[in-house]
Structures are given as C-alpha cells and as structure tokens.
**Student:** 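Here you go, one structure.
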There are 2 protein chains.
Amino acid sequence: MPRKHSAADAPLRLDNQICFAVYSAAHAFNRVYKPLLDRLGLTYPQYLVMLVLWERDDVPVKDIGEKLFLDSGTLTPLLKRLEAAHLVRRTRSSEDERQVLIALTPQGHALKDKARAVPQSILAASDCSVSELVAMKDEIVALRDRLNAVIGE
Amino acid sequence: MPRKHSAADAPLRLDNQICFAVYSAAHAFNRVYKPLLDRLGLTYPQYLVMLVLWERDDVPVKDIGEKLFLDSGTLTPLLKRLEAAHLVRRTRSSEDERQVLIALTPQGHALKDKARAVPQSILAASDCSVSELVAMKDEIVALRDRLNAVIGE
DNA sequence: TCACATTTAATTGTTCGCAATTGAATGTGC
DNA sequence: GCACATTCAATTGCGAACAATTAAATGTGA
C-alpha cells in the first residue's frame with residue numbers, strides 16, 4: 001500500500017501539532033473578536049487589559065502583566081494608547097515611586113456596559129455549549145500552566 | 001454570603017474566557033519553543049513555514065498562507081528572512097508569473113533532521129499523554145474551524 | 001551610613017499579524 | 001481583440017510580543 005509520508009515524519013506534520021492547533025485557534029478568535037471590539041475602539045490585547053481593570057482598578061503595571069503573562073515592553077505602549085483614548089489614567093504611586101498605577105477614567109468604567117455584548121457573540125460564534133467550552137477552557141488552562149511551570153526551570 | 005463580584009459580570013471575568021485560555025496557552029507554547037528553535041535559528045512562525053515545506057516543497061506563497069491562515073503581508077517578509085538564512089529559494093513561476101514558488105535549499109532540507117528533536121521536547125514539557133494531547137488538539141481544531149466558518153459570513 | 005542588590009517601568013530593536021493599497025499577470029465576456 | 005474583473009505577491013502603516021538594556025526607586029547587609 002502506498003504511503004504519502006514516512007512514519008518517522010509523523011511528529012513533524014503540521015496537523016499533528018497541538019501547538020499549531022492552539023496558535024491557529026488564537027488567531028481565529030482574534031478575527032472573530034475584531035469586528036466586535038472595533039465598536040468599542042479596542043484591540044484584543046487592549047480588551048484583555050480592560051477586563052483586568054474592570055475586575056480591579058488602580059493596580060500597578062506589574063499586576064496586569066502577571067495576570068495576562070505580558071511584560072512592560074508590551075504593556076507600556078499599550079497603556080499609553082489606552083490613556084490617549086481617555087480610558088485609563090497612569091499615575092506614579094506615592095508610596096512606591098517605581099510603580100505606575102493604572103486607573104479607569106469614567107469613560108473606561110462606562111465602556112464595561114458596552115462590552116457585555118461581546119462574550120455573548122463569541123459564545124454564539126463558537127457554536128458550542130457553555131459546559132463544553134468550560135471543560136475545554138479548563139483543559140487548556142491546565143496545559144498552559146504545565147508549560148509555564150517548565151519555563152521557570 | 002459575601003460575593004466578590006456581581007453575577008452579571010461573570011461573562012466578563014478573565015478566568016471565564018476560553019479565548020484568554022487559548023491566547024495565553026499560545027504564548028506559553030511560544031516560550032517553551034523559543035530555546036528549542038533558537039538552536040535551529042528559527043522563530044516559531046518560521047518553524048511553521050518549514051513544517052509546511054518539509055511536507056511539500058516548491059509551493060506558491062498562497063498555499064502556505066492557506067495552511068497556516070496567514071496572508072502575504074506576514075509571509076513575504078518572513079520568507080525573505082528564510083531566504084536570507086539560505087533555507088529557501090523564492091522564484092517566480094514560469095507558468096503563472098503572479099505566483100512566487102518557495103523551494104527548500106539543501107540546507108533547508110537538512111534542517112529537518114535537527115528539527116525531529118523538537119516535538120519530543122514539547123511532548124515532555126506538556127507533561128501529558130499523547131492520547132490526551134491528540135484529543136485536546138482535535139477539540140481545539142474543531143473549535144477553530146467553527147470560528148473560521150463564522151468569519152466568512 | 002553606605003555600598004550593593006533588587007524591583008519596577010520605560011526604551012530600543014526585531015519579528016509577527018493584519019488591514020488596506022498597489023501593480024503586474026491572468027482570466028472573462030462581449 | 002479588448003475592456004473589465006480577478007488573482008497573487010509586495011508594500012505600507014499600525015499594534016502587539018519579547019529580549020535586552022537603562023534608569024530610578026527601594027530594600028539589605030555590613
């Protein structure tokens with residue numbers, strides 16, 4: 001019987017790689033989010049920062065970075081763009097002048113109401129039950145945490 | 001009983017978002033891959049392109065883009081860097097002069113052997129059985145395809 | 001107190017990722 | 001054959017993402 005590929009090559013085939021599945025799924029999510037977030041005037045990473053701030057306000061850059069797994073090289077320019085859009089304020093902490101505290105402006109708080117429509121639209125696009133999505137999410141988070149544990153070694 | 005958050009905010013909480021799980025898992029994969037790919041002189045997206053070419057050579061840019069869900073704005077500069085690294089050659093098709101065909105150089109072919117070590121290391125870092133990973137991959141691919149189906153509407 | 005390490009953001013440079021546009025080659029309908 | 005649309009890659013501009021470095025503030029030990 002003819003074989004298209006050598007069995008030794010199976011681990012290198014694109015379709016066998018979970019990392020590509022995750023990578024391409026992330027981009028697919030991004031493309032679904034784009035038109036929804038355009039209405040809010042946010043990019044997807046900016047939306048993530050706003051999610052963090054809607055949960056808790058007036059936090060240092062470092063805290064945002066730890067929650068989103070991002071560093072200041074990504075966050076500093078992103079936060080400056082959110083500040084230019086009048087959604088956040090950036091102020092040096094008086095207790096510790098190394099820290100820059102990020103606080104929502106009234107417009108930043110107000111945007112939360114418009115954002116409530118987003119998760120519903122994503123759920124619809126997923127074409128999947130909530131319980132299935134929650135199960136997948138938990139699996140993916142567990143995998144992510146195992147990967148991140150390896151990095152610190 | 002005290003509640004930390006309003007129930008109406010649950011869909012907006014970061015930890016409830018599968019998209020953030022996928023987004024952060026993709027970054028975690030990237031960080032695990034980085035030291036492995038550094039030895040090959042490749043970035044992760046460059047590695048994906050090489051995976052495609054190791055399966056089939058001498059293909060137009062468009063074909064690579066369709067497999068990886070990337071467009072020429074991403075691929076053109078990336079392929080030029082692979083060409084500068086002497087891993088691929090870029091030649092205009094003689095049958096259709098609009099197409100640029102991407103072919104592996106001998107060095108590009110040879111790199112495949114060094115790359116075989118990569119999937120093993122990733123598997124180890126995942127700390128997970130192959131069957132579990134395959135199951136997750138299939139679920140994530142199915143979700144990705146449903147999301148991509150919505151975009152074309 | 002003072003030298004030293006640590007913490008925190010900001011900065012710089014490189015590489016993705018994509019939208020929008022351009023320009024050349026090809027296909028088509030009349 | 002010729003106007004027209006379509007296809008394909010390249011280009012431009014902007015926003016991430018991250019490594020590496022810098023600089024200022026803070027903490028620590030002798």
Side-chain angles (χ1 to χ4, degrees), chain A residues 19-20 23-35 37-38 40-50 59-66 68-85 87-88 90-102 148 151, chain B residues 19-20 23-35 37-38 41-50 59-66 68-85 88 90-102 148 151:
Chain A
C19 65
F20 176 65
Y23 169 91
S24 54
H27 289 312
F29 266 119
N30 209 342
R31 285 190 280 269
V32 172
Y33 268 99
K34 178 132 202 340
L37 296 181
D38 277 349
L40 306 184
L42 295 173
T43 65
Y44 181 68
Q46 289 169 8
Y47 172 70
L48 290 180
V49 169
M50 294 301 286
V59 291
V61 174
K62 186 175 202 297
D63 285 21
I64 299 174
E66 277 170 4
L68 300 181
F69 306 99
L70 298 173
D71 67 4
S72 71
T74 302
L75 287 174
T76 296
L78 188 156
L79 290 167
K80 285 183 177 175
R81 283 187 281 271
L82 288 181
E83 189 180 41
L87 294 174
V88 306
R90 301 163 62 248
T91 54
R92 289 257 162 214
S93 165
S94 52
E95 294 118 54
D96 186 341
E97 297 246 332
R98 292 170 301 184
Q99 295 184 346
V100 169
L101 299 178
I102 309 298
N148 277 332
I151 294 166
Chain B
C19 65
F20 176 65
Y23 168 91
S24 54
H27 289 312
F29 267 119
N30 210 341
R31 285 190 280 267
V32 173
Y33 269 99
K34 178 131 201 342
L37 295 181
D38 277 349
L42 295 173
T43 65
Y44 181 68
Q46 289 169 8
Y47 173 70
L48 291 181
V49 169
M50 295 300 286
V59 292
V61 174
K62 187 176 200 295
D63 285 21
I64 299 174
E66 278 170 3
L68 300 180
F69 306 99
L70 297 173
D71 68 3
S72 71
T74 301
L75 288 174
T76 295
L78 187 156
L79 290 167
K80 284 183 177 176
R81 282 186 282 271
L82 288 181
E83 190 180 39
V88 306
R90 302 163 61 249
T91 53
R92 289 257 160 213
S93 165
S94 51
E95 293 119 53
D96 186 341
E97 297 247 332
R98 290 170 302 184
Q99 295 185 347
V100 168
L101 298 179
I102 309 298
N148 277 332
I151 295 166

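Quick note on labels: first sequence line is chain A, next is B, and so on, each numbered from 1.
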**Student:** Does a side-chain heavy-atom distance below 4.5 Å link B:Val49 with B:Val88?
**Tutor:** no
**Student:** Rounded to the nearest Å, what distance is computed from the CG atom of residue B:Leu75 to the P atom of nucleotide D:dT11?
**Tutor:** 14 Å
**Student:** CD/A:Glu83 to OG1/A:Thr91 distance, rounded to the nearest 0.5 angstrom?
**Tutor:** 9.0 Å
**Student:** Considering all heavy atoms of both residues, which atom of A:Gly41 and which atom of A:Gln46 are nearest to each other, and what is their separation?
**Tutor:** O-OE1, 4.0 Å
**Student:** When every nucleotide of nucleotides 14-20 of chain C is labelled 5' to 3' by its protein contacts under 4.0 Å (heavy atoms), B for base, S for sugar-phosphate only, - for none, what sequence of letters results?
**Tutor:** -SSBBB-
**Student:** It should be established whether A:Lys80 places a side-chain nitrogen or oxygen under 4.0 Å from OP1 or OP2 of nucleotide C:dT11.
**Tutor:** yes
**Student:** For the pair made of CG in B:Asp63 and P in D:dT7, what is the distance, rounded to whole Å?
**Tutor:** 15 Å
**Student:** Measure CG/A:Leu42 against C1'/D:dA16 and give the value in whole Å, please.
**Tutor:** 14 Å
**Student:** Which residues satisfy the salt bridge (Lys or Arg N to Asp or Glu O under 4.0 Å) test with A:Arg92, sequence neighbours excluded?
**Tutor:** none
**Student:** Between P on D:dG27 and CD on A:Gln99, what's the gap in Å once rounded to a whole number?
**Tutor:** 10 Å
**Student:** Could you list the protein-to-nucleotides 22-29 of chain C atom pairs, N/O on both sides, closer than 3.5 Å?
**Tutor:**
residue, atom, partner, partner atom, Å
C:dT26, OP1, B:Glu97, N, 3.2

**Student:** Find the distance A:Leu79:CG to D:dA16:P and express it as a whole number of Å.
**Tutor:** 10 Å
**Student:** Check the pair B:Tyr23, A:Tyr44 against ring pair (Phe, Tyr, Trp, His ring centres under 6.0 Å), reporting the backbone distance first and the verdict last.
**Tutor:** CA-CA 10 Å; B:Tyr23 168 91; A:Tyr44 181 68; 5.4 Å; yes
**Student:** From CZ of A:Arg92 over to P of C:dT7, roughly how many Å is that when rounded to an integer?
**Tutor:** 17 Å
**Student:** Quick one: side-chain contact (heavy atoms from CB on, under 4.5 Å) partners of B:Arg31, sequence neighbours excluded?
**Tutor:** A:Phe69, A:Asn148, A:Ile151, B:His27
**Student:** Calculate, to the nearest 0.5 Å, the distance between atoms CG and CG belonging to B:Leu78 and B:Leu70 respectively.
**Tutor:** 8.0 Å
**Student:** Return the value, rounded to whole Å, for the distance between atom CG of B:Asp38 and atom P of D:dC18.
**Tutor:** 14 Å
**Student:** Bend angle of the helix from C:dT1-D:dA30 to C:dC30-D:dG1 from five-pair axes at both ends, rounded to 10°?
**Tutor:** 10°
**Student:** Please collect all salt bridge (charged side-chain N to carboxylate O under 4.0 Å, His left out) contacts where either partner lies in residues 70-82 of chain B, sequence neighbours excluded, each pair once.
**Tutor:** none
